[in-house]
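Worksheet: the structure to be examined is printed underneath.
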2 protein chains.
Amino acid sequence: MKAQELHGHLDALLLAVLEQGALHGYAIIEALRARSDGSLDLPTGTIYPALRRLERAGHVASTWSTVNGRERRTYQLTDAGRRALAGERAGWREFQSTVGRFLDPGTAPGAPV
Amino acid sequence: MKAQELHGHLDALLLAVLEQGALHGYAIIEALRARSDGSLDLPTGTIYPALRRLERAGHVASTWSTVNGRERRTYQLTDAGRRALAGERAGWREFQSTVGRFLDPGTAPGAPV
DNA sequence: CCTAACAAGTAGCGTAGCTACACATGAAGG
DNA sequence: CCTTCATGTGTAGCTACGCTACTTGTTAGG
């Protein structure tokens with residue numbers, strides 16, 4: 001999948017992944033790849049800056065820990081992040097229904113696929 | 001709707017609108033606004049360059065005409081454009097399903113909205 | 001006359017994901 | 001022992017693309 005299409009939706013994906021439990025950056029990349037069956041294979045140069053953006057926005061918080069001599073920065077959702085995720089979900093639904101109206105002819109929004 | 005999210009999907013929307021018949025730039029903007037119930041209100045600075053991109057790519061062709069003393073540039077889908085639209089539709093479905101896997105099931109475990 | 005709607009267009013900006021690096025440790029293999 | 005790979009974090013610079021703000025021109029209405 002062309003990952004450029006993610007533009008504007010990556011934050012939502014990161015928040016959604018972290019919703020199921022705190023993870024460190026590298027694990028987030030693997031989680032995205034696993035849960036998307038390999039469709040989403042995002043480079044570190046995309047994920048790390050995105051996580052710092054989310055932290056600066058207060059949507060995630062990070063804590064350092066050392067595992068096997070390696071430094072890990074584990075990210076967890078904040079309350080604000082959880083609220084942001086809800087907003088992102090609403091935005092996604094609107095986006096999906098709006099674009100779908102043009103690209104999914106015949107598929108009524110809300111109808112079971 | 002935040003229109004920035006369109007990133008990478010605008011071409012598909014334009015092709016989809018032109019699929020139903022040739023239109024000039026201004027009319028395309030109005031068609032997008034109408035068919036999206038006002039959600040998509042795109043500025044000319046977005047549409048005109050996008051149409052020239054599509055023309056350069058060979059996905060649309062344009063013809064000038066004069067209506068009421070006003071110059072109109074009418075765009076119509078080419079065969080390549082029709083094929084491109086089919087590809088964009090496939091891409092959209094994949095994108096939708098991939099992102100949806102992260103953002104859609106979230107409402108299930110909590111409370112039905 | 002002046003403003004608003006119609007119609008097309010460009011220059012320059014900002015956001016954000018990508019490429020290509022650098023750096024460090026631990027495990028595996030020759 | 002040394003190399004290579006997987007793990008793990010991070011930055012600098014590039015590029016794509018939609019947006020803001022502007023210009024040009026015609027017709028219609030107050």
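Residue numbers start from 1 in every chain, and the chains themselves are labelled A, B, ... in the order their sequence lines are given, proteins ahead of strands.
Comparing V67(A) and A50(B) along DNA chain D, the residue whose closest nucleotide (by nearest heavy atom) sits nearer the 5' end is V67(A). Heavy-atom nearest nucleotides on DNA chain C were determined for H9(A) and for R72(B), and the one closer to the 5' end corresponds to R72(B). When each of N68(A) and L10(A) is assigned the nucleotide of DNA chain C bearing its nearest heavy atom, the one mapping closer to the 5' terminus is L10(A).
Taking atom CG of D41(B) as the reference point, atom P of dG18(D) lies 16 Å away to the nearest angstrom. If you measure from atom CG of L6(B) to atom C1' of dT15(C), you get 14 Å, rounded to the nearest angstrom. As rounded to whole Å, 11 Å separates atom P of dG18(D) from atom CG of L51(B). Rounded to a whole Å, the CD1 atom of I29(A) is 8 Å from the P atom of dT9(D). Spacing between atom NE2 of H24(B) and atom C1' of dT26(D) amounts to 14 Å, rounded to whole angstrom units. In this structure, the CZ atom of R33(B) is 12 Å from the C1' atom of dC6(C), given to the nearest Å. Residue L23(B) contributes atom CG, which lies 11 Å from atom P of dA7(C) at whole-angstrom precision. Separating the CG atom of L54(A) from the C1' atom of dA16(C) is a distance of 12 Å, rounded to the nearest angstrom.
In this structure, R52(B) does not reach the dA8(C) phosphate: none of its side-chain N or O atoms is under 4.0 Å from OP1 or OP2. Side-chain nitrogen and oxygen atoms of Y48(A) include none within less than 4.0 Å of the OP1 or OP2 phosphate oxygen of dG10(D). Close to dG17(C), at under 4.0 Å from its OP1 or OP2, lies a side-chain N or O of R53(A). Within the structure, a side-chain polar atom (N or O) of Y26(B) is placed less than 4.0 Å from OP1 or OP2 of dC6(C). One finds a side-chain N or O of R73(A) lying less than 4.0 angstrom from the OP1 or OP2 phosphate oxygen of dG10(D). H7(B) has no side-chain polar atom (N or O) that falls below the 4.0 Å cut-off from OP1 or OP2 of dC17(D).
Checking side-chain atoms of R101(B) against main-chain N and O of R35(A) turns up a donor-acceptor pair under 3.5 Å. In this structure, the side chain of T78(B) engages the main chain of H59(B) through a donor-acceptor pair within 3.5 Å.
When all heavy atoms of Y26(A) and Y48(A) are compared, the closest pair comes out as N-OH, 3.7 Å. Counting all heavy atoms, side chain and backbone alike, A16(B) lies closest to L103(A) at CB-CD2, 3.9 Å. Here the shortest heavy-atom pairing between L15(A) and A84(A) reads CD1-CB, 4.1 Å. Closest heavy-atom contact between L85(A) and A12(A): CD1-O, 3.9 Å.
Using a 4.0 Å heavy-atom distance criterion, R70(B) is classed as a base contact.
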Please list, for nucleotides 20-23 of chain C, all pairs of protein and nucleotide N/O atoms separated by less than 3.5 Å.
none

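W64(B) pairs with exactly one of E71(B), R72(B), H24(B) by the side-chain contact (heavy atoms from CB on, under 4.5 Å) rule, that one being E71(B).
Of the candidate nucleotides dG10(D), dG18(D), dC18(C), dG10(D) has the atom nearest to the side chain of Y75(A).
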